[in-house]
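I'd like to ask some things about the structure below.
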Amino acid sequence: MTDTIEKPSLNFVEQIIEDDLASNKWDGRVQTRFPPEPNGYLHIGHAKSICLNFGIAEKYGGGGNLRFDDTNPIKEEGEYVDAIEKDIRWLGFNLDDRVLFASDYFEQFYEHAIALIRAGKAYVCDLTSEQTREYRGTLTSPGKDSPHRDRSVDENLDLFQRMRKGEFPDGTRTLRAKIDMASPNFNLRDPVMYRILHADHHRTGSDWCIYPMYDWAHGLEDTIERVTHSVCTLEFENHRPLYDWFLDALDVFHPQQIEFARLNLGFTVMSKRKLLELVRDGHVEGWDDPRMPTLSAFRRRGYTAEAIRNFCDRIGVARFNSRIDLAVLENCIREDLNKRAPRVMCVLNPLRVVIENYPEGQVEELDGINNPEDASAGERKIPFSRVLYIERNDFLEDAPKKFFRLAPGREVRLRYAYFVTCTQVIKDDNGEIVELRCTYDPATRGGSAPDGRKVKGTIHWVSADHAVDAEVRLYDRLFTEENPDKTKENTSYLDCLNPESLTTLSNCKLESSWRSAADATTWSDRIVRVQFERTGYFCLDPTTSDTKPIFNRTVTLRDTWAKMQKRS
RNA sequence: UGGCCCGUGGUGCAAUCGGUAGCACGCCUGACUCUGGAUCAGGAGGUUCUAGGUUCGAGUCCUAGCGGGCCAGCCA
């Protein structure tokens, strides 16, 4: 038999790596790195990069470093370092001893700078930042040489050493590479390598008052770690000539920089600046507010690491800036949770139902299946009694034909229980429905009728006397626009925040046996996840209490009824 | 009106580096069902941005145009 199973196609980065492996370019070695700046929390766009970089390392038997690119003490904090590490481990990547810091290389950067000065390829410049900008020129006109460009090596050495010693105030001098002020690529117009910053660094404290710029530091970090493939996002494309220039000028091990398109996701923003703003200005409750696109937020919302990694695999890697449909992500988490999450009944918006012909004081234990997708999850007993709660929107007084739920005179099945028929609607003085009266058919115990009659609808319910009170938080997209970054003139992404992104339901009625179902499945991150039948997937919030559990909605179930309603 | 990069069904990616397009999501139909869930079966949808060129043959190569992205921090 000819095996024609297609091998999965490689993305362009893997293509490069396999070519390099074939030509033995790096002695068969593959070394990647993920280099976040600890100035914010990781978001799902970072997950794409993490999966790419660490995924490649795993796939080709290479190494993948987590390297904190901590070269700007003003924006960086230890809190972010811890959060970033936690998120990556949660995603399931083994970091071992490969957690590294650019700040550990500061001394080496300094020595390399001295070498560059000695080679006549770097100079100390006394221009202010405004002057530097003026001298840089524009898109269409070349820049002008700095008046300090031709200082002697000795003078440069002396000045640079004194910069390090702290003899000059912030902003008074820089060390710049001597390249080409007329280059059409701005990055080559004598880029700044070091700036003076008398600021405490979260790791090196007050050891330094000069800090390296990204372009100067990054290639050095890569060369020090013997990175072979330095994968970054598209906006660094214009920086690659400079990356190469520094490494060539120093004549050191020279990794290859490869750029790919960052992830954009519908109905959210992905820039760290904007996410920080959302947190700082209180538009959300924190970095892990479940509406955020951060990994800590997805975790708190109930997303699994598996689903996120699967998502990252699915979206592909290319050099084209695109935006992924939110539905793809939702599909990934539903797919995972459908297989694994135990089912439980919870009434979100309770409506009281009295089964008139059911004996008062009687309680029955009915069998419920914990997970129809996984027999090993077992069964549980669910208490049934005369007074129940059902979902308010499972009843309609004037129900259309296509409405398969409860309505006056109509019969539905209570899941795992009995067929019931609505006989009476009780309203308060304002005309609001406060209670339903029903009758049940004792012969339909367990949910099927001996006479073979069918009912179209099955609804969930909870016994009133046994119900556990719960708070449930319903999350929706944070923005009303698919692309909040590109709104109409004079508006910002903040103007399209979705006012209904969070709905808190504090009077939910949860099945008393929910725990035994939930315990049927254990998750590697210890988060408790369940499906509330017919409404969605939920997880226990970290702030939950024993007396009144708090659940976060991860994602709704696919809802064709809602879709039909939307269409008409 | 400078440079660099990109352009394949609604969306995201493939097409083993020249042999006339395939997958996923979405959408539509139907089957089944004690979740209007899940599952299964089927369907619609593409002049591969445009125009030239090279070639027996081009989504793949060349040229031009059009459209989009990035770049003038002592941020990364």
Side-chain angles (χ1 to χ4, degrees), chain A residues 6-11 15 19 35-37 39 69 71-72 74-76 125 127-130 132-134 136-143 170-176 183-187 189 191-197 210-211 213-215 217-218 232-241 259 261 266 272-273 314-332 334-335 338-339 343 345 369 372-373 402-405 413-417 419 444 446-448 454-460 531-536 556-564:
Chain A
E6 280 181 50
K7 61 177 175 191
S9 60
L10 304 173
N11 64 51
Q15 194 73 252
D19 289 348
E37 182 189 14
N39 66 344
D69 201 4
T71 56
N72 184 359
I74 293 170
K75 292 187 173 177
E76 296 154 9
C125 179
L127 258 30
T128 64
S129 56
E130 296 76 43
T132 306
R133 193 191 328 122
E134 283 160 22
R136 193 153 25 227
T138 71
L139 289 175
T140 48
S141 63
D170 289 1
T172 53
R173 285 176 218 270
T174 56
L175 183 72
R176 300 174 70 181
S183 171
N185 183 340
F186 277 98
N187 296 303
R189 319 247 264 224
V192 171
M193 295 163 60
Y194 275 98
R195 75 282 212 184
I196 299 172
L197 231 47
I210 55 171
Y211 289 92
M213 299 292 291
Y214 169 85
D215 290 298
H218 209 87
C232 61
T233 46
L234 245 30
E235 64 272 25
F236 291 103
E237 220 171 328
N238 296 324
H239 295 244
R240 191 175 54 218
E259 311 87 17
K272 277 203 198 173
R273 196 209 95 220
R314 246 179 238 202
I315 57 179
V317 180
R319 288 175 63 80
F320 176 70
N321 274 309
S322 58
R323 176 172 305 276
I324 307 290
D325 197 322
L326 235 197
V328 178
L329 214 211
E330 293 185 340
N331 181 266
C332 288
R334 284 198 190 102
E335 196 175 276
N338 173 51
K339 277 185 311 217
R343 273 64 166 175
M345 292 195 282
I369 296 166
E373 302 289 322
K402 289 280 182 60
F403 186 78
F404 302 152
R405 310 175 191 179
R413 169 167 39 233
L414 296 178
R415 172 134 243 223
Y416 299 131
F419 288 10
T444 57
S448 52
K454 302 274 183 195
V455 286
K456 200 78 171 129
T458 301
I459 64 175
H460 58 282
Q531 179 194 108
F532 289 164
E533 295 221 26
R534 307 207 306 133
T535 58
T556 60
L557 246 32
R558 258 201 212 93
D559 188 346
T560 51
W561 169 246
K563 201 189 276 179
M564 284 164 65

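All heavy atoms count here, side chains included; hydrogens, waters and symmetry mates do not. Naming convention: chains lettered A, B, ... in sequence-line order (proteins, then strands); numbering from 1 in each chain.
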Donor-acceptor pair, distance only, cut-off 3.5 Å: does the side chain of A/Thr444 make one with the backbone of A/Gly447?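 Here the side-chain-to-backbone pair does not exist.
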Considering every strand and a 4.0 Å limit on heavy-atom distances, what is the contact class for A/Ile74: base, sugar-phosphate, or nothing?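 No contact.
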Once you apply a heavy-atom cut-off of 4.0 Å, does A/Ser129 come out as touching a base, just sugar-phosphate, or nothing?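 Base contact.
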Residue-phosphate contact under 4.0 Å: A/Lys272 side-chain N/O, B/rC75 OP1/OP2: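 No, outside the criterion.
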Side chain of A/Arg343 (C-beta onward), nearest among B/rC75, B/rC25, B/rG37: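 Nearest listed nucleotide: B/rG37.
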B/rA76 OP1/OP2 closer than 4.0 Å to side-chain N/O of A/Thr71: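 So the side-chain polar atoms of A/Thr71 do come within 4.0 Å of the phosphate oxygens OP1 or OP2 of B/rA76, strictly under.
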Is it true that a side-chain atom of A/Lys75 and a backbone atom of A/Glu37 form a donor plus acceptor pair closer than 3.5 Å?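 No; judged by distance alone, with no hydrogens or angles, the pair does not exist.
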By nearest heavy atom, map A/Asp559 and A/Pro184 onto RNA chain B; which one lands nearer the 5' end?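 Between the two, 5'-proximity favours A/Pro184.
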With C1' as the reference atom in both, quote the distance from B/rG9 to B/rA14 in angstrom, rounded to an integer.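 Between the two C1' atoms, the distance is 13 Å.
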For A/Leu10 and for A/Val328, find the nucleotide of RNA chain B with the closest heavy atom, then tell me which residue's nucleotide is more 5'.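 Looking at the nearest nucleotide for each, A/Leu10 comes out on the 5' side.
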Check every atom of B/rG2, B/rA76, B/rU35 against the side chain of A/Met213 and return the nucleotide holding the closest atom.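 Looking only at heavy atoms from C-beta outward on A/Met213, the closest nucleotide is B/rA76.
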With heavy atoms under 4.0 Å as the rule, sort A/Pro372 into base, sugar-phosphate or nothing.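 Base contact.
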Is there a donor and acceptor pair, one atom on the side chain of A/Arg534 and one on the base of B/rG36, closer than 3.5 Å?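 No.
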Inter-nucleotide P distance (B/rC13, B/rG3), Å rounded: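 Looking at atom P only, B/rC13 and B/rG3 are 27 Å apart.
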May I have the distance from A/Leu234 (atom CG) to B/rC6 (atom C1'), rounded to whole angstrom?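 The distance from CG of A/Leu234 to C1' of B/rC6 comes to 8 Å, rounded to the nearest Å.
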Close aromatic pair by centroid cut-off 6.0 Å: A/Trp561 and A/Phe403: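 Distance test on ring centres: under 6.0 Å, yes.
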Could you measure the distance from the CD atom of A/Gln531 to the CG atom of A/Asn338? Nearest 0.5 Å is fine.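 Reported value, rounded in 0.5 Å steps: 7.0 Å.
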Nearest to the side chain of A/Glu37 - B/rU35, B/rA76, B/rG73?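 Within the option list, the nearest is B/rA76.
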Give the nucleotide from the list B/rA24, B/rG36, B/rC70 with an atom nearest to the side chain of A/Arg314.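 Of the candidates, B/rA24 comes closest.
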N or O in side chain of A/Arg413 less than 4.0 angstrom from B/rU35 OP1/OP2: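 No, A/Arg413 has no side-chain N/O under 4.0 Å of OP1/OP2 on B/rU35.
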If you measure from the P atom in B/rG67 to the same atom in B/rC74, how many Å do you get, rounded?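 It comes out at 32 Å once rounded to the nearest Å.
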A/Ser129-A/Thr132 side chain donor-acceptor pair, cut-off 3.5 Å: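 There is no such pair between these side chains.
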Stacking between B/rG36 and A/Trp561, yes or no? Criterion: centroid separation under 5.5 angstrom, plane angle under 30 degrees.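 Here A/Trp561 meets both the 5.5 Å and the 30° conditions.
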Would you mind reading off the distance between A/Ile459 atom CD1 and B/rG37 atom P, rounded to a whole angstrom?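 Interatomic distance, CD1 of A/Ile459 to P of B/rG37: 16 Å.
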Do side-chain atoms of A/Thr174 reach the backbone of A/Tyr194 as a donor and acceptor pair under 3.5 angstrom?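 No; zero donor-acceptor contacts below 3.5 Å.
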In whole angstrom, give the distance that lies between atom CD of A/Glu533 and atom C1' of B/rU33.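 Between C1' of B/rU33 and CD of A/Glu533: 13 Å.
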Tell me: CE of A/Met193 to P of B/rC75, nearest whole Å?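 Roughly 15 Å, once rounded to whole Å.
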What contact category does A/Thr560 fall into here, base, sugar-phosphate, or nothing, at under 4.0 angstrom with non-hydrogen atoms?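 It contacts sugar-phosphate atoms only.
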B/rG46 and B/rU8: how far apart are their P atoms, nearest whole angstrom?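 Roughly 16 Å separates the two P atoms.
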Checking A/Glu76 side chain against A/Asn72 main chain: does a donor-acceptor pair fall under 3.5 Å?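 Checked: pair present.
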A/Asn331 side-chain N/O to B/rG26 phosphate OP1/OP2 under 4.0 Å: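 Yes.
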Quick check for you: to the nearest 0.5 Å, what is the distance between A/Met345 atom CE and A/Phe532 atom CZ?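 These two atoms lie 12.0 Å from each other.
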Describe the nucleic acid contact of A/Arg319 in one word from base, sugar-phosphate, nothing, applying a heavy-atom distance below 4.0 Å.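 Here A/Arg319 touches the backbone only, sparing every base.
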Quote, to the nearest angstrom, the C1' distance that separates B/rG45 from B/rC27.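 Their C1' atoms lie roughly 9 Å apart.
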In this structure, which one of A/Arg534, A/Glu533, A/Arg343 forms a side-chain hydrogen bond (donor to acceptor under 3.5 Å, both in side chains) with A/His460?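 Going through the options one by one, the only one that passes is A/Arg534.
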Does the base of B/rC70 carry an N or O that pairs as donor and acceptor with the side chain of A/Asn238 under 3.5 Å?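 Side chain to base: pair present.
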Identify which nucleotide among B/rC4, B/rG2, B/rG37 has an atom closest to any side-chain atom of A/Glu237, counting heavy atoms from C-beta outward.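 In terms of side-chain proximity for A/Glu237, the closest of B/rC4, B/rG2, B/rG37 is B/rC4.
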Of the nucleotides B/rC13, B/rG36, B/rC75, which one has an atom closest to the side chain of A/Phe403?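 Selected nucleotide (nearest to the side chain): B/rG36.
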Going 5' to 3' through nucleotides 59-68 of chain B and flagging B where a protein heavy-atom sits under 4.0 Å of the base, S where only the sugar-phosphate is that close, and - otherwise, we get ----------
With a 4.0 Å cut-off on heavy atoms, is A/Gln15 in touch with a base, just the backbone sugar-phosphate, or nothing at all?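 No contact.
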If we take the C1' atom in both B/rC23 and B/rC61, what is their distance in whole Å?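 Between the two C1' atoms, the distance is 26 Å.
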I'd like the P distance from B/rA58 over to B/rU50, given in whole Å.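 15 Å, rounded to whole Å.
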Does A/Tyr211 reach a base, just sugar-phosphate, or nothing at all? Heavy atoms under 4.0 Å.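 Result for A/Tyr211 = nothing.
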Less than 4.0 angstrom between a side-chain N/O of A/Arg323 and OP1 or OP2 of B/rC25, yes or no?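 Negative; the distance criterion is not met.
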With a cut-off of less than 4.0 Å, is there a side-chain N or O of A/Ser322 near OP1 or OP2 of B/rC13?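 For A/Ser322, the contact criterion (side-chain N or O under 4.0 Å from OP1 or OP2 of B/rC13) is met.
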To the closest 0.5 Å, what do you measure between CD1 (A/Ile196) and OG1 (A/Thr172)?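 Going from the CD1 atom of A/Ile196 to the OG1 atom of A/Thr172 covers 4.0 Å.
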Classify the nucleic acid contact of A/Lys402 as base, sugar-phosphate or nothing, counting any heavy atom under 4.0 Å across all strands shown.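 A/Lys402: base contact, heavy atoms under 4.0 Å.
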What distance do A/Glu259 atom CD and A/Cys232 atom SG have between them, rounded to the nearest 0.5 Å?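 Those atoms lie 5.0 Å apart.
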Atom P, compared across B/rG22 and B/rA15: separation rounded to whole Å: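 One P to the other, the span is 14 Å.
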For RNA chain B, produce a single dot-bracket line, 5' to 3'. Pairs: Watson-Crick or G-U wobble, both distances under 3.5 Å. Symbols: ( ) within strand, [ ] crossing, | other strand, . unpaired. .((((((..((((........)))).(((((.......))))).....(((((.......))))))))))).....
Kindly point out which of B/rG73, B/rG3, B/rG37 is positioned nearest to the side chain of A/Arg136?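 Looking only at side-chain atoms, A/Arg136 lies closest to B/rG73.
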Is the shortest side-chain N/O distance from A/Ser141 to OP1 or OP2 of B/rG2 below 4.0 Å?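 So the side-chain polar atoms of A/Ser141 never come under 4.0 Å of the phosphate oxygens OP1 or OP2 of B/rG2.
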The side chain of A/Asn338 lies closest to which of these nucleotides: B/rG69, B/rG37, B/rA76?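 Nucleotide nearest to A/Asn338's side chain: B/rG37.
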Looking at A/Glu373 and B/rG37, is any side-chain donor or acceptor paired with a base atom of the opposite kind under 3.5 Å?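 When only heavy-atom distances are counted, A/Glu373 does reach the base of B/rG37 through a donor-acceptor pair under 3.5 Å.
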Output yes when a side-chain donor or acceptor of A/Thr138 lies under 3.5 Å from a complementary backbone atom of A/Thr140, and no otherwise.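 Checked: pair present.
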When rounded to the nearest 0.5 angstrom, what distance separates CG in A/Asn187 from CG in A/Asp215?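 One gets 5.5 Å once the value is rounded to the nearest 0.5 Å.
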Proximity to the side chain of A/Val192 - top-ranked nucleotide from B/rC74, B/rC75, B/rC25: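 So the nucleotide nearest the side chain must be B/rC74.
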Do A/Arg314 side-chain atoms and A/Val328 backbone N/O form a donor-acceptor pair below 3.5 Å?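 No, the answer is negative, given that no donor and acceptor are paired below the 3.5 Å cut-off.
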B/rG73 glycosidic torsion: syn (within 90° of 0) vs anti: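 Here the answer is syn: the torsion falls within 90° of 0.
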Of the candidate nucleotides B/rG36, B/rA76, B/rC6, which contains the atom at the shortest distance from the side chain of A/Phe404?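 Between B/rG36, B/rA76, B/rC6, the one nearest the side chain of A/Phe404 would be B/rG36.
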